[in-house]
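Atoms considered below: every heavy atom in the structure, side chains included; atoms not considered: hydrogens, waters and symmetry mates. Just so it is clear: chains get the letters A, B, ... in the order the sequence lines come, proteins before strands, and each one is counted from 1.
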Number of protein chains: 2
Amino acid sequence: MKLIEAKQHFISSWGAFGTHWGINRTMAQIHALLLISSDPLTQDDIMEELTISRGNTNMNIRELINWGLVDRLLLSGERKEYFTAEKDIWKVVKQIVKERKKRELEPMLQLLDKLEEVEGDKRDKHVKSFVDTISGIKKLGKQADRTLDTMIKAEESWFISSLMKVFK
Amino acid sequence: MKLIEAKQHFISSWGAFGTHWGINRTMAQIHALLLISSDPLTQDDIMEELTISRGNTNMNIRELINWGLVDRLLLSGERKEYFTAEKDIWKVVKQIVKERKKRELEPMLQLLDKLEEVEGDKRDKHVKSFVDTISGIKKLGKQADRTLDTMIKAEESWFISSLMKVFK
DNA sequence: TCGAATTTTCAAAATTAATTGAAACTAAAT
DNA sequence: ATTTAGTTTCAATTAATTTTGAAAATTCGA
């Protein structure tokens, strides 16, 4: 397979992959493109490469910057802005985990805390079924939260070697 | 908070949560409803509770069964089908991980294997950047694949106690 | 075998999400 | 101060996804 073909393949697959994880296709594609580019790219480069509009490109780059996955780069003597993606995939994964934890897991845990305090007789099977389910989710969720915190702080080498020992 | 109110809260939040993870709102809501119900429910119960159409209910129940998250139940003497969800949240998580691994991670790893073999001089920085990124993703992906395999086989108690020791 | 109860399908409609592109805005260069 | 290159915004459009509901299919009891 030629490089150009392989790149296209990767970009489109990464885009499709993203849609299964609640990330829009274009955002995932821009990320993929920046991941495999040896040099920083401008908005125009990205528009042209992915054949998408200026507005779409701009909004999704901004969103990637919010997620901490892409950096704006000002080259001296150049008026245009350039963009690069973090290439160390372990850092990328940690960053995504960090953001999703903050945006989704933490609010969910707060909600579960409130729901667990529902009024009513705990011996009533309807109440019991509800509280048991909520408690179970909360317990696992809190564990996941702690585990992810540690993961976010970890080095890749540490992650791999430690998990290799345990998960065996 | 009253039970009925708490249930509605949980169902709607679980639905919104699902949409961030590539799962449609209704499917997540039906799953939530079954999770917190003390008894099995019929299609009509679900339709009524969530005020959704028969077709929608039916399709999403089917999808939940495909995912292995919901079981069909035939009560003797009853003509209608009843449905229940696995209540053990650890089993639920393992089942979701198992399916997503099969549907998404494994195909992605296969693709990366092919893309890594791109033609061209590895000293060319364009080729190198591409191959390095692909290799990095593949390496982490394969590690994740192995880790998840072990997790799928694990007991919850084992999971929590082991991880507590490592991630500390 | 027939008929009623129940489940399933799927084309059309409704809803939601993504994308465009032109205008407004901003900031550097002249 | 004005022009110009570049960036951002957002209302309107387009595309994708979800939902409906009625018809078809199936299943079970009489």
Side-chain angles (χ1 to χ4, degrees), chain A residues 11-34 40-67 69-84 103-104, chain B residues 11-34 40-67 69-84 103-104:
Chain A
I11 289 167
S12 92
S13 300
W14 203 249
F17 200 65
T19 60
H20 287 125
W21 291 88
I23 290 153
N24 93 39
R25 187 189 263 19
T26 302
M27 184 170 152
Q29 287 186 348
I30 293 175
H31 187 226
L33 174 62
L34 290 171
L41 302 179
T42 64
Q43 269 200 39
D44 289 279
D45 293 335
I46 294 168
M47 282 170 63
E48 197 182 332
E49 196 79 38
L50 304 178
T51 52
I52 54 178
S53 72
R54 183 170 302 285
N56 195 10
T57 306
N58 189 274
M59 282 174 125
N60 282 292
I61 289 175
R62 188 114 29 67
E63 195 59 13
L64 283 164
I65 292 173
N66 285 343
W67 275 81
L69 297 173
V70 164
D71 286 321
R72 196 185 301 266
L73 204 64
L74 293 168
L75 298 188
S76 59
E78 287 267 19
R79 187 126 163 216
K80 281 184 183 161
E81 296 175 339
Y82 284 76
F83 301 95
T84 45
R103 296 173 190 211
E104 295 157 30
Chain B
I11 289 167
S12 91
S13 300
W14 203 247
F17 200 65
T19 61
H20 288 125
W21 291 88
I23 289 153
N24 94 37
R25 187 187 289 326
T26 303
M27 186 170 149
Q29 287 187 346
I30 293 175
H31 186 225
L33 174 61
L34 289 172
L41 301 179
T42 63
Q43 271 201 37
D44 289 280
D45 294 334
I46 295 168
M47 284 170 61
E48 198 181 335
E49 197 80 37
L50 304 178
T51 51
I52 54 178
S53 71
R54 183 172 303 286
N56 195 10
T57 307
N58 189 274
M59 282 174 124
N60 283 291
I61 289 175
R62 174 103 1 73
E63 197 57 14
L64 284 164
I65 292 172
N66 286 343
W67 274 82
L69 298 173
V70 164
D71 287 320
R72 196 187 299 266
L73 204 65
L74 294 167
L75 299 188
S76 59
E78 288 267 19
R79 181 118 171 227
K80 280 186 183 159
E81 295 175 341
Y82 284 76
F83 301 96
T84 45
R103 296 174 189 210
E104 295 157 29

Engineer: Heavy atoms only, 4.0 Å cut-off, all strands: where does A:Thr42 land among base, sugar-phosphate and nothing?
Structural biologist: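 Touches nothing.
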
Engineer: Could you check how far CZ of B:Arg54 sits from P of C:dT7, rounded to whole Å?
Structural biologist: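 Rounding to the nearest Å, CZ of B:Arg54 and P of C:dT7 are 8 Å apart.
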
Engineer: Please state whether the phosphate of D:dT18, meaning OP1 or OP2, lies under 4.0 angstrom from any side-chain nitrogen or oxygen of B:Asn60.
Structural biologist: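 So the side chain of B:Asn60 is outside the cut-off, no N or O lying under 4.0 Å from OP1 or OP2 of D:dT18.
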
Engineer: Measure the distance from CD1 on B:Ile46 to P on C:dT6 and round it to the nearest whole Å.
Structural biologist: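 B:Ile46 atom CD1 is separated from C:dT6 atom P by 15 Å.
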
Engineer: Please check: side-chain N/O of B:Asp45 versus main-chain N/O of B:Thr42, any donor-acceptor pairing under 3.5 Å?
Structural biologist: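 Judged by distance alone, yes, a pair lies under 3.5 Å.
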
Engineer: Using modelled atom types only, decide if a donor and an acceptor are shared between the side chain of A:Asn58 and the backbone of A:Arg54 within a distance under 3.5 Å.
Structural biologist: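 Flag not set: sc A:Asn58 to bb A:Arg54 has no pair under 3.5 Å.
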
Engineer: Closest to the B:Ser53 side chain: D:dT9, D:dG21, C:dT8?
Structural biologist: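 Minimum distance to the B:Ser53 side chain belongs to D:dG21.
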
Engineer: Start with the C-alpha gap between B:Arg62 and B:Met27, add the side-chain angles, then the distance that decides, and say whether side chain to side chain contact (heavy atoms under 4.5 Å, CB included) holds.
Structural biologist: CA-CA 10 Å; B:Arg62 174 103 1 73; B:Met27 186 170 149; over 6 Å; no

Engineer: Taking the side chain of A:Arg79 as its heavy atoms from C-beta onward, which of C:dA29, C:dA18, C:dA4 lies nearest to it?
Structural biologist: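 Side chain of A:Arg79 sits closest to C:dA29.
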
Engineer: Could you tell me whether B:Glu104 atom CD has more than 12 heavy atoms of other residues or ligands within 6.0 Å of it?
Structural biologist: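 Atom CD in B:Glu104 is packed in, count exceeds 12.
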
Engineer: For A:Glu63 and C:dA17, what is the distance between atoms CD and C1' respectively, to the nearest whole Å?
Structural biologist: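 Nearest whole value for this atom pair: 14 Å.
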
Engineer: Starting at atom CD of A:Gln43, determine the distance to atom P of D:dT9, rounded to an integer number of angstrom.
Structural biologist: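 So the two atoms are 11 Å apart, to the nearest Å.
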
Engineer: When you check the phosphate oxygens OP1 and OP2 of D:dT7, does a side-chain N or O of A:Asn58 lie under 4.0 Å from one of them?
Structural biologist: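 Looking at the OP1 and OP2 atoms of D:dT7, neither is under 4.0 Å from any side-chain N or O of A:Asn58.
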
Engineer: What's the CZ-P distance between B:Phe83 and C:dT6, to the nearest Å?
Structural biologist: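 Whole-Å distance recorded here is 13 Å.
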
Engineer: What is the distance, rounded to the nearest whole Å, between atom CG of A:Asp44 and atom P of D:dT7?
Structural biologist: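 Distance check: A:Asp44 CG to D:dT7 P gives 7 Å.
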
Engineer: Have a look at A:Arg25 and say if it touches a base, only the backbone sugar-phosphate, or nothing, with a 4.0 Å heavy-atom cut-off.
Structural biologist: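 No contact at all - A:Arg25 keeps every heavy atom at 4.0 Å or more from the nucleic acid.
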
Engineer: Can you check the B:Met59 CE to D:dT20 P distance for me, whole Å?
Structural biologist: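 Taking CE of B:Met59 and P of D:dT20, I get 12 Å after rounding.
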
Engineer: If you define the side chain from C-beta out and look only at heavy atoms, does anything of A:Phe83 sit under 4.5 Å from A:Ile65?
Structural biologist: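 The answer is yes; the side chains approach within 4.5 Å.
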
Engineer: Nearest to the side chain of A:Arg72, heavy atoms from C-beta on, is which of C:dT9, D:dT8, D:dT20?
Structural biologist: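 Closest nucleotide to the A:Arg72 side chain: D:dT8.
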
Engineer: The side chain of B:Asn24 is closest to which nucleotide in this list: C:dT7, D:dT7, D:dT19?
Structural biologist: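 The nucleotide sitting nearest to the side chain is D:dT19.
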
Engineer: Of the listed nucleotides (C:dT8, D:dT8, C:dT19), which one gets closest to any side-chain atom of A:Asn56?
Structural biologist: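 Of the options given, the side chain of A:Asn56 lies nearest C:dT19.
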
Engineer: Go through C:dT9, D:dT8, C:dT7 for me and flag the one nearest to the B:Glu81 side chain.
Structural biologist: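 When the side chain of B:Glu81 is considered, C:dT7 is the closest of C:dT9, D:dT8, C:dT7.
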
Engineer: Rounded to the nearest Å, what distance is computed from the CG atom of residue B:Asp45 to the P atom of nucleotide C:dT7?
Structural biologist: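 So the two atoms are 11 Å apart, to the nearest Å.
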
